[in-house]
Peer 1: 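Below are the structure tokens for one structure; questions will follow.
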Amino acid sequence: MPELPEVETVVRLIRPSLEGRKVTSSRVDWDRTLGGVSRREFQRRLKGSRIDRIWRRAKFIVFDLSRDGRAAGGLVGHLRMTGRMHVEPKGTRPSPYCRVRLDLDDGQVFHFVDVRKFGRLVFHAEPDVLLEGLGPEPLEEEFTAEWLLAGLRSRKRMLKPLLLDQNFVAGLGNIYVDECLHSARLHPLRRSDTVTPAAARRLWAAIRETLQEAIEREGSSFDTFYRTPEGQPGAYQHQFRVYGRTGKPCYDCGAAIARIVVAQRGTHLCRKCQRAPRIRA
DNA sequence: AGCTACTCCTGGTAGC
DNA sequence: TGCTACCAGGAGTAGC
């Protein structure tokens, strides 16, 4: 699923085609994509708006809008499972799964495509409101090993659900959490307040390095749905150490990669490298 | 506080 | 071949 590196890749690719453009009209084919905003309201707000800036926060993609030089709210997009965003020349036949289209003043068309319809493209007068409460960006300076250690120790949660919690750290999803925990040799069920300073530092480094490398490789194409906005598969999936490798040998020790379910999520790990926590009665 | 379960969705796939 | 049943899961929410 698109996680921080995939979303960052999308932002970098669509940004040059969209910043500075005006929306001349729009088309909505699936109302729920608008996240509760009515089709009429969405179209009224978008028509004539200029896209000033496109940026990412966690896995959200934000379009800052203006009218007549004054801020005029924004669009907050989320790709969820299968969402894609790309800009096409006028007349390009849209995918049958295209849910929203924005016609631009240079003749190009922005497409929001989403097979499973979980994705969102929400207009909000104050987009920041929708981003309140998110945890730190893991690649920014605010995310330090010391902060992570303190954050882990101040909670008593299993590592896997905690790292998936966007209000703890922003941008990690199921795939990269599994990768990072394996890299740090930490079990997904390990309670956060039992993590040693050394292990917290390993986890911190794993998160930074994994995400950074994935961005450099333009994300991963874990299934037939996700492609980079250019239609190319990303390259990072070839780097997966545990995700989707159930039964295959761990690259570090050779033991078979196991799959368990944690917090309703498929979870991949090496039982030998990632020691199970003590179970207390 | 932190867990599980449920919801939204549909293409892909396993099993017969 | 063609059918059914189940799987994948990000995030929000309800309930315990």
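Sequence lines set the chain letters: A, B, ... in the order given, protein chains first and strands last, and positions in each chain run from 1. Every heavy atom of this structure was used, including side-chain atoms; hydrogens, water molecules and symmetry mates were not.
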Peer 1: Give the rounded distance in Å between these two atoms: CG of Leu152(A) and P of dA1(B).
Peer 2: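 The distance from CG of Leu152(A) to P of dA1(B) comes to 17 Å, rounded to the nearest Å.
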Peer 1: Between Glu137(A) (side chain) and Ala58(A) (backbone), is there a donor-acceptor pair under 3.5 Å?
Peer 2: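 Judged by distance alone, yes, a pair lies under 3.5 Å.
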Peer 1: Whole angstroms only, please: what is the CH2-C1' distance between Trp30(A) and dT10(B)?
Peer 2: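 To the nearest whole Å, that distance equals 11 Å.
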Peer 1: Just to be sure I understand the rule, does Gln264(A) reach a base, reach only the sugar-phosphate, or reach nothing, if contact means heavy atoms closer than 4.0 Å?
Peer 2: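 Here Gln264(A) touches the bases of the nucleic acid.
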Peer 1: Check whether any side-chain nitrogen or oxygen of Arg155(A) sits under 4.0 Å from OP1 or OP2 of dA1(B), and answer yes or no.
Peer 2: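 Answer is no, no contact under 4.0 Å.
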Peer 1: Name the first nucleotide and the last nucleotide along DNA chain C (5' to 3') that come under 4.0 Å of a heavy atom in chain A.
Peer 2: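 The protein-touched segment is dA8(C) to dA11(C).
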Peer 1: Taking atom types as modelled, is there a side-chain donor on Thr24(A) or Asp105(A) under 3.5 Å from an acceptor on the other?
Peer 2: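 No.
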Peer 1: Would you say a side-chain N or O of Tyr97(A) is under 4.0 Å from OP1 or OP2 of dC9(B)?
Peer 2: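 No, no such contact exists.
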Peer 1: Would Arg67(A) and Ser49(A) count as having a side-chain donor-acceptor pair, cut-off 3.5 Å?
Peer 2: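 Short answer, yes.
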Peer 1: Taking only the side-chain nitrogens and oxygens of Arg80(A), find out if one of them lies under 4.0 Å from OP1 or OP2 of dC9(B).
Peer 2: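 So the side chain of Arg80(A) is outside the cut-off, no N or O lying under 4.0 Å from OP1 or OP2 of dC9(B).
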Peer 1: Whether Lys117(A) contacts dT10(B) is assessed here as follows: a side-chain N or O lying under 4.0 Å from the phosphate OP1 or OP2. Is that the case?
Peer 2: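 Result: yes.
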Peer 1: On DNA chain B, does the nearest nucleotide to Pro161(A) precede the nearest nucleotide to Arg120(A) from the 5' side, or the other way round? Give the residue.
Peer 2: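 Final value for this comparison: Pro161(A).
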Peer 1: Which one of Glu8(A), Glu140(A), Glu3(A) satisfies the salt bridge (Lys or Arg N to Asp or Glu O under 4.0 Å) criterion with Arg56(A)?
Peer 2: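 Result for salt bridge (Lys or Arg N to Asp or Glu O under 4.0 Å) with Arg56(A): Glu8(A).
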Peer 1: Can you figure out which of dC8(B), dG11(B), dC3(B) approaches the side chain of Arg157(A) most closely?
Peer 2: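 Closest of the options to the side chain of Arg157(A): dC3(B).
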Peer 1: Taking the six-membered ring of Phe110(A) (Phe, Tyr or Trp), confirm whether the NZ or CZ of Arg21(A) is under 6.0 Å from its centre and within 45° of its axis.
Peer 2: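 No, Arg21(A) and Phe110(A) do not form such a contact.
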Peer 1: dA1(B) P sits how many Å from Asp193(A) CG, rounded?
Peer 2: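 It is 15 Å, rounded to the nearest whole Å.
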Peer 1: Quick one: do the Glu126(A) and His124(A) side chains pair a donor with an acceptor below 3.5 Å?
Peer 2: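 Their side chains do not contain a donor-acceptor pair, so the 3.5 Å distance test is not met.
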Peer 1: Against Leu152(A), only a single residue in Leu162(A), Thr194(A), Thr196(A) fulfils side-chain contact (heavy atoms from CB on, under 4.5 Å); can you say which?
Peer 2: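 Testing Leu152(A) for a side-chain contact (heavy atoms from CB on, under 4.5 Å) against Leu162(A), Thr194(A), Thr196(A) leaves exactly one candidate, Leu162(A).
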Peer 1: How close or far is atom P of dT10(B) from atom CE of Met81(A), stated in whole angstroms?
Peer 2: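 Those two atoms, CE and P, are 14 Å apart.
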Peer 1: Assign each of Arg265(A) and Met158(A) to its nearest nucleotide of DNA chain B by heavy atoms, then name whichever residue's nucleotide is nearer the 5' end.
Peer 2: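 Taking each residue's closest nucleotide, the earlier one in sequence belongs to Met158(A).
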Peer 1: In whole angstroms, how far is the C1' atom of dC3(B) from the CG atom of Asp165(A)?
Peer 2: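 For the pair Asp165(A) CG and dC3(B) C1', the rounded distance is 13 Å.
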